[in-house]
Amino acid sequence: MQGSTARRIMASLLAGGFLLAGEPAATQSGLVQREEALAAVFPGAAIDAERVYLTSAQADRIAELSRDDVHTRIYARYVARRGGVVVGRAYVDTHVVRTKRESLLISLDASGRVRRIDVTAFLEPPEYLAPERWIQQYHEQRLNDDLAIMRAIRPIAGATLTTRAVNAAVRRVLALDQVLEAGTADAPAVP
């Protein structure tokens, strides 16, 4: 079986009865697997995995829109379709919180609003992990000037580095999606 076909089958199986829409897909460690998270946020959708290779111009535009550095020019993107219609996209953003890495799977609806954020890897001590309730502030958010800590997003006392890292990742992904969906992308996505 080819990779994207296997992923579509796995997503359909997971969505078909093992996970309910809207419920968090959690594992024993509190982190989720990408396949579980994708199936939970896009139930019944066929999920195609792609690698996106950004050009220098795209990376510069994303940095400008997100107001943060672009740490890599290669992103994992997942496109969810039902009946051939795109219902959403998800991206993986891996970044440093304090001294160690965290990976977030940031899922967007078809119009580019945040649907859900799942932590898929967290190498910092568990006490630095942002609480789910705090992360839910990003639900339905779009990229704008108010998408910032102390504006639309409340801070977490004693967790400045965590809040900054998550906010920067969300802004980066929203900018990435905006650049790719605007048709300004001249680098192809590779399945």
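Every value quoted in this text rests on a predicted model; they were computed, and no experiment measured them.
Sorted by first then second residue, the ring pair (Phe, Tyr, Trp, His ring centres under 6.0 Å) pairs that include residues 138-180, not counting sequence neighbours, are W134-Y138.
Among residues two or more places apart in sequence or in another chain, the side-chain contact (heavy atoms from CB on, under 4.5 Å) test is passed with L161 by R98. Under the side-chain contact (heavy atoms from CB on, under 4.5 Å) criterion, A76 pairs with Y78, V92, sequence neighbours left out. The side-chain hydrogen bond (donor to acceptor under 3.5 Å, both in side chains) test applied to Q141 returns no partner, not counting sequence neighbours. In terms of the side-chain contact (heavy atoms from CB on, under 4.5 Å) criterion, residue partners of A121 (sequence neighbours excluded) are, by chain and number, S103. Scored by the ring pair (Phe, Tyr, Trp, His ring centres under 6.0 Å) test, F122 finds no partners at all (sequence neighbours excluded). Partners of R164 according to the side-chain hydrogen bond (donor to acceptor under 3.5 Å, both in side chains) rule, which considers only residues two or more places apart in sequence or in another chain, do not exist here. Residues forming a side-chain contact (heavy atoms from CB on, under 4.5 Å) with R113 (at least two apart in sequence, or on another chain): D109, S111, E140, R142. Not a single side-chain hydrogen bond (donor to acceptor under 3.5 Å, both in side chains) links T160 to another residue, sequence neighbours left out. For R154, there are no salt bridge (charged side-chain N to carboxylate O under 4.0 Å, His left out) partners at least two apart in sequence or on another chain.
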### Query
Which is it for R116 and L105 under the side chain to side chain contact (heavy atoms under 4.5 Å, CB included) test, yes or no, and what are the steps along the way?
CA-CA 8 Å; R116 186 165 130 166; L105 178 69; over 6 Å; no
#### Entry: side chain to side chain contact (heavy atoms under 4.5 Å, CB included) evaluation trace for L176 with D93
CA-CA 10 Å; L176 169 64; D93 187 279; over 6 Å; no
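Taking each heavy atom of A165 and V96 in turn, the nearest pair found is CB-O, 4.0 Å. Nearest heavy-atom pair, N144 versus R171, reported as atom, atom and distance to 0.1 Å: O-NH1, 2.8 Å. Between L147 and V170, the closest heavy-atom pair is CD2-CG1, 4.1 Å. Smallest separation of non-hydrogen atoms from G44 and R82: O-CG, 4.0 Å. Taking every heavy atom of both residues into account, L104 and T120 meet most closely at N-OG1, 4.4 Å. Counting all heavy atoms, side chain and backbone alike, G112 lies closest to L174 at O-CD2, 3.2 Å.
Distance check: L108 CG to D177 CG gives 5.0 Å after rounding to the nearest 0.5 Å. One distance of note links OH of Y128 with CD1 of I156; it measures 13.0 Å at 0.5 Å rounding. Put simply, CD1 on I117 and CD on Q137 are 10.0 Å apart, with the number rounded to the nearest 0.5 Å. Distance check, rounded to the nearest 0.5 Å: CZ of R89 to CZ of R81 gives 10.0 Å. Residue D60 holds its CG atom at 11.0 Å from CG of L65, rounded to the nearest 0.5 Å.
The residues R77 and E181 are annotated as salt-bridged, a charged nitrogen and a carboxylate oxygen being separated by less than 4.0 angstrom.
In this structure the side chain of E102 never reaches within 4.5 angstrom of the side chain of T162, judged on heavy atoms. At a threshold of 4.5 Å between non-hydrogen side-chain atoms, the residues V86 and V79 count as touching. A 4.5 Å side-chain heavy-atom check between T99 and E124 finds at least one atom pair inside the cut-off.
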Donor-acceptor pairs are to be reported for all side-chain atoms of residues 66-74 against protein atoms at under 3.5 Å, with residues two or more places apart or in another chain.
{"from": "S66", "atom 1": "OG", "to": "I62", "atom 2": "O", "distance (Å)": "2.8"}
{"from": "S66", "atom 1": "OG", "to": "D68", "atom 2": "N", "distance (Å)": "3.3"}
{"from": "S66", "atom 1": "OG", "to": "D68", "atom 2": "O", "distance (Å)": "3.4"}
{"from": "R67", "atom 1": "NH1", "to": "D145", "atom 2": "OD1", "distance (Å)": "3.3"}
{"from": "R67", "atom 1": "NH2", "to": "D145", "atom 2": "OD1", "distance (Å)": "2.3"}
{"from": "D68", "atom 1": "OD2", "to": "R172", "atom 2": "NH1", "distance (Å)": "2.5"}
{"from": "T72", "atom 1": "OG1", "to": "I74", "atom 2": "N", "distance (Å)": "3.2"}
{"from": "T72", "atom 1": "OG1", "to": "I74", "atom 2": "O", "distance (Å)": "3.4"}
{"from": "R73", "atom 1": "NE", "to": "L54", "atom 2": "O", "distance (Å)": "3.1"}
{"from": "R73", "atom 1": "NH1", "to": "S56", "atom 2": "OG", "distance (Å)": "3.2"}
{"from": "R73", "atom 1": "NH2", "to": "L54", "atom 2": "O", "distance (Å)": "3.3"}

